[in-house]
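By convention in this document, chain letters (A, B, ...) are assigned in the order of the sequence lines, proteins followed by strands, and residues within each chain are numbered from 1.
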Amino acid sequence: MKPAHHVTPAKQEDRHLKDRLRQFILESFWVPDAQAVKDGTSLLDSGVVDSTGIQEIIGFLEHEFGIEVLDEEIVPDNLDSVQRIADYLARKVKGGLPDTADAAGGTSTA
Amino acid sequence: MTNAAGTPRITDAVPQLHDYLIDSARRLGHKVALVCGGERVTYRDLDDRSNALAHALVRRGIRRGDRVLVYSDNTAETVVAFWSVLKANAVVSVISPSTKPAKLAHLLNDCQAAGLITDARHTAAFAEAASGAAHLRTVIVSGPVDRALVGGLPGMVGWSEAVAGEPTDAGPERLNIDIDLAAIIYTSGSTGVPKGVMLTHRNMLTAARSITAYLGNVEDDVILGVLPLSFDYGLYQMIMAFLMGARLILERGFAYPAEVLSTMAAERVTGFPGVPTIFATLAEMTTLARYDLSSVRYVTNTAAALAPKHLAFLRAAFPSARIFSMYGLTECKRCTYLPPEDIERKPGSVGIAIPNTEIWIVDEDGRRVEANRVGQLVVRGATVMRGYWGKPEATATRLRPGPLPGETVLYTGDSCRLDDDGYLYFVGRMDDVIKSRGEKVAPREVEDALLAVPGVREAAVIGVPDEILGEAVKAYIVREAGSELTEKRIQRECQRQLESFMVPKYVVFVPELPRTSSGKIARNELL
């Protein structure tokens with residue numbers, strides 16, 4: 001791990017965002033082993049969330065970040081891990097998703 | 001075709017459930033039976049893999065009539081595991097991985113499970129639950145297992161290690177007959193303790209044949225499986241697909257609707273079994289028209305009559321599909337279906353008895369009532385369960401003497417009425433059990449979870465009518481002094497303890513709960 005003073009502001013922001021997402025997930029769902037939810041862990045595969053859980057995550061993102069998650073954006077590429085959600089939010093909040101269908105289908109964030 | 005002893009093929013006599021998989025594999029070995037998670041599995045593969053796993057179960061001490069729990073979600077491994085348990089002459093119970101460790105532990109002990117088949121993804125949950133299961137002889141785990149977490153479990157073995165070298169060409173020796181148990185399906189009871197519905201091969205075959213008959217299923221069908229295999233409505237999609245030699249498109253769930261729709265279009269799905277929550281999600285999608293769903297020839301709904309707005313939506317979205325509204329309970333799988341041509345003529349009805357089933361309504365004294373009178377629904381037929389596992393008293397409430405000597409019929413506990421033409425209308429439950437999303441929810445189980453939340457002093461739960469869920473779970477909470485609990489907080493805490501369909505949709509804070517003179521909560525005064 002890099003010492004804190006080497007971390008760029010952008011990375012720090014990313015870390016902060018991911019911590020916030022992880023905190024929401026750990027508070028909202030039954031997670032037997034908190035350590036097991038890493039940035040890249042699939043939330044569906046690991047059993048952390050189910051269909052209802054995805055809806056909860058979407059509700060959280062819309063409420064906390066003032067965005068609208070479009071139907072075509074509800075795909076694993078955007079929502080199935082802490083990292084993917086963070087990347088999706090970064091694109092979305094910065095207005096980086098002019099054509100959402102392309103972003104959903106074409107961007108690999110794994 | 002003859003077996004090893006040279007006698008006629010078993011399926012020529014009275015078959016068991018898995019004979020249809022074996023038969024489909026003989027007829028259609030190279031056909032893709034199952035599409036799941038990017039995997040395309042042929043009938044031959046399914047038959048071979050379930051033969052090997054069945055031998056592995058027997059080798060690890062599973063004997064005729066033993067219970068084996070399959071704790072996993074909609075994966076190819078769950079499908080293989082289901083059939084392997086039947087081929088091992090054992091009794092299968094598929095349990096949702098959203099079941100929390102304490103409840104899983106209860107289930108393992110309740111049916112004295114001798115085997116557990118699960119996936120490494122659920123290690124944290126099953127390791128805790130299985131460590132206290134006194135009757136377990138083997139635990140077979142697919143995927144990479146963290147040995148440190150499961151070291152102490154008896155008979156723990158990885159799936160690939162378990163099946164290595166086991167024969168694939170035939171399953172273990174057939175010991176069961178068709179009146180032996182095939183499955184136990186757990187359902188909520190009014191006391192909050194889950195009840196295991198015991199179903200024989202004959203029960204399940206009768207139901208599967210009846211349903212495929214009225215749906216008009218054919219070998220060319222491609223059936224979508226988005227409902228959990230732990231839920232009987234989901235499980236029967238698999239059974240019926242393999243009974244017909246059709247194809248099952250098994251999805252993990254409906255979390256990502258756009259993906260499921262793409263799959264439906266690409267696989268040319270013909271049968272779409274859903275529940276109102278799924279139809280409501282689809283109805284709200286602005287992009288639905290992008291998907292070519294013209295291959296869908298039937299859509300089914302169960303649990304409650306279709307709301308007019310859902311019916312209108314389904315008509316528009318699937319113009320060439322026949323739409324079936326159905327109703328039933330785990331204890332007999334399915335009671336009625338509304339023929340699609342009657343859907344306008346009989347709004348609000350859940351239809352007529354399924355083929356080879358008889359229904360009537362009785363009053364409090366068990367006497368048949370005339371048309372249009374509300375009473376308890378009684379079901380007669382070979383689909384009716386053998387009872388609740390280890391619960392003779394609960395069984396005696398539901399199974400009572402029928403017209404023939406020794407026969408029992410099912411007293412459903414559902415209030416219903418039949419109209420002049422014999423069409424059934426569901427009125428409500430006679431006990432406190434809530435029917436939400438097609439699954440039974442015991443208020444007691446939810447109340448126990450609520451009482452475990454710090455800051456909750458008292459809790460009571462009822463069902464309220466809900467257009468999408470049938471009934472929604474509503475909780476009344478008395479907070480401890482100074483507690484600042486919110487609705488959201490309560491729901492989150494419930495989410496951690498209960499399966500998601502049990503989590504209260506509404507939470508209301510009240511200063512006190514209404515009580516009867518004997519001190520019980522007066523649920524009928526909550527609304």
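Both the backbone and the side chain of A/Leu44 come within contact range of chain B, judged by heavy atoms closer than 4.5 Å. Within the 4.5 angstrom heavy-atom criterion, only backbone atoms of A/Leu26 (N, CA, C, O) approach chain B. Contacts of B/Gln495 with chain A are made by both backbone and side-chain atoms, with heavy-atom separations under 4.5 Å.
Going from atom CG of A/Asp71 over to atom CZ of B/Arg290 covers 8.5 Å, rounded to the nearest 0.5 Å. Of the inter-residue distances, the one linking A/Glu27 atom CD with B/Lys488 atom NZ reads 11.5 Å to the nearest 0.5 angstrom. We find the CZ-OG distance between A/Phe29 and B/Ser500 to be 9.5 Å, quoted to the nearest 0.5 Å. Atom-to-atom distance recorded for A/Glu72:CD and B/Leu261:CG is 12.0 Å, nearest 0.5 angstrom. The distance from atom CG of A/Leu70 to atom CE of B/Met285, rounded to the nearest 0.5 Å, is 11.0 Å.
Within a 6.0 Å sphere centred on CD of A/Glu13, other residues, nucleotides and ligands contribute 12 heavy atoms or fewer.
No donor-acceptor pair closer than 3.5 Å links the side chain of B/Arg496 to the backbone N or O of A/Val31.
Residue pairs meeting the side chain to side chain donor-acceptor pair (under 3.5 Å) criterion with at least one partner in residues 119-129 of chain B, sequence neighbours excluded, are B/Asp73-B/Arg121, B/Asp119-B/Arg121, B/Asp119-B/Ser142.
The heavy-atom pair separating B/Tyr256 from A/Ile54 by the smallest distance is OH-CD1, 3.2 Å.
Using a 4.5 Å cut-off on side-chain heavy atoms (C-beta onward), A/Ile74 and B/Pro257 make contact.
Not a single ring-ring contact (aromatic ring centres under 6.0 Å, His included) links B/Phe501 to another residue, sequence neighbours left out.
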